[in-house]
Amino acid sequence: MSVNRRWKLKKRPVGDLAPGDLELVSEAVPTPGPGQILIRNIYLSLDPTNRIWMSDMDQYMPPVEIGDVMRGGTIGVVEASNNPGFKPGDIVQPFDMGWQDYVVSNGAQKLQVGPDLPILAYMGGLGMTAITAYFGLLDIGKPKPGETVVVSAAAGAVGSIVGQIAKLKGCHVVGLAGSDDKCKWVVDELGFDACINYRTENVLEALRRECPKGIDVYFENVGGEILDAVLTLINLEARIPVCGLISTYNADGPVPGPYMFRNILMKRALLKGFIVIDYFPRIAEFFADMPGWLASGQIKWKVDVRQGLENAPVVLQDLFTGGNTGKLVVQIGPEP
Ligand SMILES: NC(=O)c1ccc[n+]([C@@H]2O[C@H](COP(=O)([O-])OP(=O)(O)OC[C@H]3O[C@@H](n4cnc5c(N)ncnc54)[C@H](OP(=O)(O)O)[C@@H]3O)[C@@H](O)[C@H]2O)c1
């Protein structure tokens with residue numbers, strides 16, 4: 001490929017991401033300077049937080065500035081290196097994240113890949129969303145055997161891993177997802193005890209049915225009305241890792257708060273927000289457990305791979321309409 005296609009933020013979206021909010025430009029492939037490496041991106045991670053980064057709301061990282069390349073995690077292959085630590089062919093996660101074909105990088109994380117460890121594992125079971133699931137559930141949720149764990153966006157990248165880890169810890173696990181097919185997948189394939197289609201069922205009634213002993217851990221991915229229903233049923237000293245609130249990310253005005261928030265007080269629940277980057281200093285704990293769980297088949301992962309960097313903005317919308325199952329990824333170019 002002779003050009004570097006790059007998606008740049010043209011204006012901040014209002015409500016849903018719309019055509020024209022991002023602009024695809026073609027530039028020359030950059031040349032690495034002293035100590036630098038040239039990386040060709042292969043896979044782009046699409047994440048709900050991309051929409052947060054496009055806005056100028058108060059957030060955990062600086063927003064993407066207008067005119068800048070859209071930020072996003074990628075995995076790529078080293079094509080040229082002026083750095084003795086890297087050679088052409090190395091598979092890496094560049095520190096300079098972006099929706100683009102090529103990047104010149106001052107540093108990158110080298111990934112071990114092989115016949116049993118495909119590149120896509122680093123978007124799936126060993127990827128950022130799996131790390132999020134692992135620490136959010138175990139460090140904040142602290143599930144104990146016999147407890148009831150509820151997880152929203154259960155068929156998504158984070159939620160699908162959360163439920164499986166909770167099963168490994170001996171919990172009764174109930175997911176919430178937006179279609180019967182997704183619910184069938186998390187119960188039949190991933191081993192959840194039950195899954196509620198929140199689009200077709202009365203969520204509070206269904207939660208009462210599936211959680212007869214109340215809810216000890218709620219892994220929060222969506223917010224809104226689902227949070228209210230869960231709060232109604234939490235047990236004493238419940239724990240609520242607040243991982244994400246995707247139902248609010250496209251809102252362009254104030255969002256309604258949960259009416260049942262008083263139960264945080266009445267039930268002395270722990271509700272704690274976290275961002276996966278908080279846990280990077282403890283990443284060794286994740287890599288001590290997860291590769292074994294994947295190899296033994298105790299944890300399964302799924303990637304939902306779409307083709308073409310040019311389609312990234314349209315594909316991103318699937319996260320907000322429920323069009324994805326598992327980790328949503330765009331393939332930018334071929335694997336070596
Ligand atoms: N704290 C952190 O460090 C961190 C890291 C990664 C992700 N997150 C958060 O974790 C959550 C899940 O992220 P992910 O990457 O794993 O995405 P994902 O679950 O793979 O995809 C998002 C899913 O959310 C569901 N959804 C969208 N709008 C919804 C709504 N209004 N109400 C209910 N469900 C809705 C859709 O599934 P349905 O078909 O089931 O509706 C959609 O497939 C997001 O809130 C994200 O921001 C946080």
Side-chain angles (χ1 to χ4, degrees), residues 15-17 44-55 57 59-61 72-73 123-125 127-137 139-141 150-164 174-187 190 192 195-201 203 218-230 240-251 255-256 258 271-280 282-283 286 301-306 315-330:
D16 290 353
L17 182 64
L44 167 67
S45 173
L46 289 185
D47 297 282
T49 198
N50 295 158
R51 178 62 184 82
I52 297 178
W53 294 339
M54 289 174 196
S55 78
M57 70 163 77
Q59 52 188 282
Y60 61 92
M61 284 175 100
M123 287 280 168
M128 186 273 295
T129 47
I131 299 168
T132 305
Y134 178 91
F135 284 109
L137 179 67
D139 197 62
I140 300 170
V150 172
V151 54
S152 47
V158 174
S160 60
I161 303 287
V162 167
Q164 294 182 83
V174 178
L176 291 144
S179 75
D180 290 344
D181 282 349
K182 288 186 177 187
C183 279
K184 190 169 160 36
W185 179 62
V186 304
V187 171
L190 306 185
F192 285 42
C195 180
I196 296 162
N197 180 343
Y198 70 89
R199 291 184 199 271
T200 57
E201 290 214 67
V203 173
Y218 172 49
F219 195 101
E220 170 64 300
N221 280 325
V222 305
E225 288 171 8
I226 290 175
L227 174 57
D228 246 326
V230 169
I240 306 179
V242 180
C243 174
L245 299 167
I246 193 170
S247 71
T248 66
Y249 296 172
N250 286 329
V255 293
L271 175 120
K272 183 168 175 6
F274 73 100
I275 302 290
V276 62
I277 50 182
D278 306 341
Y279 288 101
F280 285 177
R282 289 173 53 184
I283 199 77
F286 173 82
W301 54 274
K302 184 179 180 114
V303 282
D304 189 339
V305 183
R306 314 293 176 81
V315 174
L316 180 69
Q317 277 308 101
D318 274 8
L319 293 170
F320 299 94
T321 58
N324 68 306
T325 301
K327 177 73 192 96
L328 188 61
V329 174
V330 160

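Below, all heavy atoms of this structure are taken into account, side chains as well, without hydrogens, waters or symmetry copies. Just so you know, ligand 1 is whichever comes first in the structure, and atom 1 is the first atom listed for that ligand. For this chain, numbers begin at 1 and follow the sequence in order.
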Next on the checklist: Under a 3.5 Å cutoff, is there a donor and acceptor pairing between the side chains of Y60 and T49?
Outcome noted: yes

Next on the checklist: Suppose we screen for side-chain contact (heavy atoms from CB on, under 4.5 Å). Which residues come up paired with C183, at least two apart in sequence or across chains?
Outcome noted: A177, C195, N197

Note down each nitrogen or oxygen pair, ligand 1 side and protein side, whose separation is under 3.5 Å; give only atom names and the distance to 0.1 Å.
from     : atom 1 : to   : atom 2 : distance (Å)
ligand 1 : 1 (N)  : C243 : O      : 2.9
ligand 1 : 1 (N)  : F274 : O      : 2.8
ligand 1 : 3 (O)  : V276 : N      : 2.6
ligand 1 : 10 (O) : N221 : OD1    : 3.3
ligand 1 : 16 (O) : A157 : N      : 3.3
ligand 1 : 16 (O) : V158 : N      : 2.8
ligand 1 : 20 (O) : A157 : N      : 2.8
ligand 1 : 20 (O) : N324 : ND2    : 2.9
ligand 1 : 21 (O) : N324 : ND2    : 3.4
ligand 1 : 34 (N) : Y198 : OH     : 3.2
ligand 1 : 37 (O) : K182 : NZ     : 3.4
ligand 1 : 39 (O) : K182 : NZ     : 2.7
ligand 1 : 40 (O) : G178 : N      : 2.8
ligand 1 : 41 (O) : Y198 : OH     : 2.4
ligand 1 : 43 (O) : K182 : NZ     : 3.4
ligand 1 : 43 (O) : N324 : OD1    : 2.5
ligand 1 : 45 (O) : N221 : O      : 2.8
ligand 1 : 45 (O) : Y249 : OH     : 3.3
ligand 1 : 47 (O) : Y249 : OH     : 2.7

Next on the checklist: Please evaluate residues W185 and F192 with respect to the criterion side-chain contact (heavy atoms from CB on, under 4.5 Å), reporting the C-alpha separation (whole Å), side-chain torsions for both, the decisive distance (0.1 Å), and the verdict.
Outcome noted: CA-CA 9 Å; W185 179 62; F192 285 42; over 6 Å; no

Checklist entry - Aromatic rings Y279 and F135: how do their planes relate, parallel, tilted or perpendicular, breaks at 30° and 60°? => result parallel

Next on the checklist: Do S45 and D47 pair up side chain to side chain, a donor and an acceptor below 3.5 Å, judged on atom types alone?
Outcome noted: yes

Checklist entry - Sub-3.5 Å donor-acceptor pair from the side chain of D304 to the main-chain atoms of G326, do we have one? => result no

